[in-house]
J.: 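Encoded as structure tokens, here's the structure I'll be asking about.
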Amino acid sequence: MEENRENNDIEEPSHGAEDGPSMPQEEEEQEGAEGRVEEDGSGPPRVSKSAKKKLMKLQRYEAKKAHRKAIEKQNKQEHMERKRQEWADKLASLPEDERSSLVQAKLDTRKERMAERNQEREHTREKLRNAMQHGQNIVVDLEFCELMNPNEINSLVQQIMYCYAANRKAASPAHLWLTGCKGEIMSRMQKVPGFHNWLVEKEERSYIEALHERKEDLVYLTADSEDILQEVEGSKIYVVGGLVDRNRWKGITMQKAQEQGIKTAKLPIAEHLSMTSSQVLTVNQVFDMLITFLEFKDWRKSLFQVIPQRKRPEVDSNDPHLTIERKKMSSGNENGEVSPCDSNVGFNCNEKREEVTVET
């Protein structure tokens, strides 16, 4: 946990591995690669062979990524041009009266679709406005930016975008706070199209300052706490550390909470699920787990909806009962039938995605 539109469209991130949704491993490796040099006392520092290899690996990755995006863009343009030509050919083959009728029918269909979309968008925004008045308070603490490098800050921005996207889709949205939202992180967030329309609390002050009258209700969620979160209480304000640190700052959120004299708790992961790796989750995974619990009131269901399957032990994946339960969670039906999204159990299990569209 330490790691952590009115009518605009924004591109989110990508839902991610433990250190960020769309962060390639090569970027992580570059940090170490650029720092390892050899000095022989004469001339400028010499880059080691290992650093050169990792830098070349990163450059190959970026080249492949750019090539892939160029192909995808070209394919999309060709597809749109083909559709336009097919429509023009179809109209050209029809008599004037039939052509006019077909064009009008298409315009009517488009108007109906836009009206439905606008209605859905307004319903979502009304739901979020209501959550800002009566919803569960969840804070993302953004006061750790000085401890992160630019790539890690980008990962954090993507995780925050996932949080907002998940909150829009949630049956019971939370009252989302971004505290300490200033400086570099605010600069990055303001570059997200539609951010100014987000229905969240954007606070430059720390949560201690912004919520000083409710200090007794603050609960910092950290894996280092000895207290287990059994219930999500409406009267409490849960704080999630906005830190993507690759385990460089282990224990820092626990230390911060202790110094501020506020309560701490950890999610009951070990009590319901054995994990194959660290229990430290991304910011959006923690947020997803909380809002999913608000809907189901069941930690086990929330865990299976959010925790990526790769992080669960083989014994759980082979349990027939849990397999059916997982299918129910992902498909949304009671008979366990698998929906097309069953491969992405929950909001953010497809951790390799690089783009997500969300309405603000």
Side-chain angles (χ1 to χ4, degrees), residues 1-4 128 130-144 156 159-160 162-168 170-181 198-203 205-244 251-272 279-299 301-303 305-307 346-348:
M1 286 181 291
E2 297 175 41
E3 297 192 354
N4 308 243
L128 291 174
N130 183 66
M132 293 183 73
Q133 296 295 325
H134 310 290
Q136 176 68 57
N137 288 284
I138 302 177
V139 175
V140 179
D141 176 14
L142 301 177
E143 294 187 280
F144 298 105
L156 178 59
Q159 292 178 30
I160 294 170
Y162 274 127
C163 290
Y164 186 67
N167 206 36
R168 285 177 49 85
S172 302
H175 183 186
L176 178 59
W177 294 69
L178 304 178
T179 62
C181 191
W198 284 19
L199 293 175
V200 301
E201 302 287 356
K202 305 163 190 173
E203 268 286 352
R205 296 175 296 172
S206 68
Y207 57 87
I208 284 289
E209 295 173 315
L211 300 164
H212 65 277
E213 295 180 351
R214 299 186 60 186
K215 182 177 178 180
E216 294 299 318
D217 296 328
L218 291 169
V219 180
Y220 213 117
L221 299 179
T222 169
D224 299 305
S225 177
E226 295 182 357
D227 297 324
I228 300 172
L229 186 66
Q230 301 293 353
E231 289 288 336
V232 177
E233 302 178 37
S235 61
K236 300 297 183 182
I237 303 173
Y238 297 98
V239 184
V240 182
L243 176 62
V244 179
I252 193 171
T253 53
M254 183 66 179
Q255 179 183 347
K256 181 177 183 178
Q258 289 175 333
E259 291 174 351
Q260 293 175 335
I262 64 176
K263 302 181 185 69
T264 63
K266 63 180 177 181
L267 296 174
I269 298 174
E271 286 67 32
H272 298 278
Q279 292 186 21
V280 177
L281 305 175
T282 60
V283 172
N284 55 290
Q285 286 174 332
V286 177
F287 182 83
D288 287 350
M289 200 172 297
L290 292 173
I291 62 174
T292 305
F293 181 84
L294 292 174
E295 178 179 358
F296 294 114
K297 305 298 181 183
D298 186 309
W299 281 118
K301 288 183 178 181
S302 301
L303 288 164
Q305 179 112 351
V306 175
I307 300 296
F347 293 114
N348 56 323

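Bear in mind that the values here come from a model prediction, so they are computed numbers and not experimental data.
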J.: Any chance you could lay out the side chain to side chain contact (heavy atoms under 4.5 Å, CB included) test for Asn284 and Cys163, step after step, and finish with the verdict?
T.: CA-CA 5 Å; Asn284 55 290; Cys163 290; 3.9 Å; yes
J.: Pick from Thr222, Asp141, Thr264: which one makes a side chain to side chain donor-acceptor pair (under 3.5 Å) with Lys256?
T.: Asp141
J.: With a 4.5 Å heavy-atom cut-off, do Val239 and Trp177 have their side chains touching?
T.: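 In short, these two side chains do not touch, never coming nearer than 4.5 Å.
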J.: Checking Leu211 against Asp217 for the side chain to side chain contact (heavy atoms under 4.5 Å, CB included) test, could you report, in this order, the C-alpha distance in whole Å, the side-chain angles of both residues, the deciding distance, and whether it holds?
T.: CA-CA 9 Å; Leu211 300 164; Asp217 296 328; over 6 Å; no
J.: Rounded to the nearest 0.5 Å, how far apart are OG1 of Thr292 and CG of Leu303?
T.: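 It is 9.5 Å, given to the nearest 0.5 Å.
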J.: Apply side chain to side chain contact (heavy atoms under 4.5 Å, CB included) to residues Leu290 and Leu267 and explain how you reach the verdict.
T.: CA-CA 9 Å; Leu290 292 173; Leu267 296 174; 4.1 Å; yes
J.: Flag the pair Arg214 / Ile237 as yes when at least one side-chain heavy-atom distance between them is below 4.5 Å, and no otherwise.
T.: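 Counting from C-beta outward, Arg214 and Ile237 do come under 4.5 Å.
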J.: Could you measure the distance from the CE atom of Met132 to the NE2 atom of His134? Nearest 0.5 Å is fine.
T.: 12.0 Å
J.: Where is the tightest heavy-atom contact between Ala131 and Pro173, given as atom of each residue plus distance?
T.: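 Smallest heavy-atom distance, with atoms named: CB-O, 3.6 Å.
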J.: Within the 4.5 Å heavy-atom criterion, are Tyr238 and Leu229 side-chain neighbours or not?
T.: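 With C-beta onward as the side chain, the pair touches.
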J.: Side chains of Leu281 and Ile269: does their closest heavy-atom pair fall under 4.5 Å?
T.: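 SC-SC contact between Leu281 and Ile269 confirmed.
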J.: Roughly how far, to the nearest 0.5 Å, is the CD atom of Gln305 from the CG atom of Asp298?
T.: 11.0 Å
J.: Quick one: are Leu128 and Arg168 in side-chain contact, heavy atoms under 4.5 Å?
T.: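 Heavy-atom side-chain distance check passes, below 4.5 Å.
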J.: Can you name the closest pair of heavy atoms from Glu203 and Ala210 and give their distance?
T.: CD-CB, 3.9 Å
J.: Identify the heavy atoms of Gln285 and Val306 that sit nearest to each other, and give their distance.
T.: O-CG1, 3.4 Å
J.: State, yes or no, whether a side-chain contact exists between Val232 and Gln136 at a heavy-atom distance under 4.5 Å.
T.: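 The answer is yes, as the side chains (C-beta and beyond) meet within the 4.5 Å cut-off.
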J.: Do Lys215 and Ile262 come within less than 4.5 Å of each other through their side chains, counting heavy atoms only?
T.: yes
J.: So, do Glu201 and Val139 sit near enough that their side-chain heavy atoms are less than 4.5 Å apart?
T.: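 The answer is no; the side chains never approach within 4.5 Å.
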J.: Any chance you could lay out the side chain to side chain contact (heavy atoms under 4.5 Å, CB included) test for Asn167 and Leu199, step after step, and finish with the verdict?
T.: CA-CA 10 Å; Asn167 206 36; Leu199 293 175; over 6 Å; no
J.: Shortest non-hydrogen contact from Ala265 to Val219?
T.: CB-CG1, 3.8 Å
J.: Students often mix this up, so state it plainly: with edges at 30° and 60°, are the rings of Tyr207 and Tyr220 parallel, tilted or perpendicular?
T.: perpendicular
J.: Would you mind telling me which of Val140, Leu176, Ile160 makes a side-chain contact (heavy atoms from CB on, under 4.5 Å) with Phe287?
T.: Leu176
J.: Please report the closest heavy-atom contact between Gln230 and Phe293, naming both atoms and the distance.
T.: O-CZ, 4.2 Å
J.: Got a second to check how far Lys266's NZ is from Glu271's CD, nearest 0.5 Å?
T.: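 Between atom NZ of Lys266 and atom CD of Glu271 there are 6.5 Å.
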J.: Nearest 0.5 angstrom please: Lys202 NZ to Leu178 CG, how far?
T.: 8.0 Å
J.: If you compare all heavy atoms of Glu231 against all heavy atoms of Trp299, which two are closest, and at what distance to 0.1 Å?
T.: N-NE1, 4.3 Å
J.: For the atom pair CD (Glu143) and CD1 (Ile208), what is the distance rounded to the nearest 0.5 Å?
T.: 9.0 Å
J.: With a sphere of 6.0 Å drawn around CD of Glu216, does it hold more than 12 non-hydrogen atoms of other residues, nucleotides or ligands?
T.: no
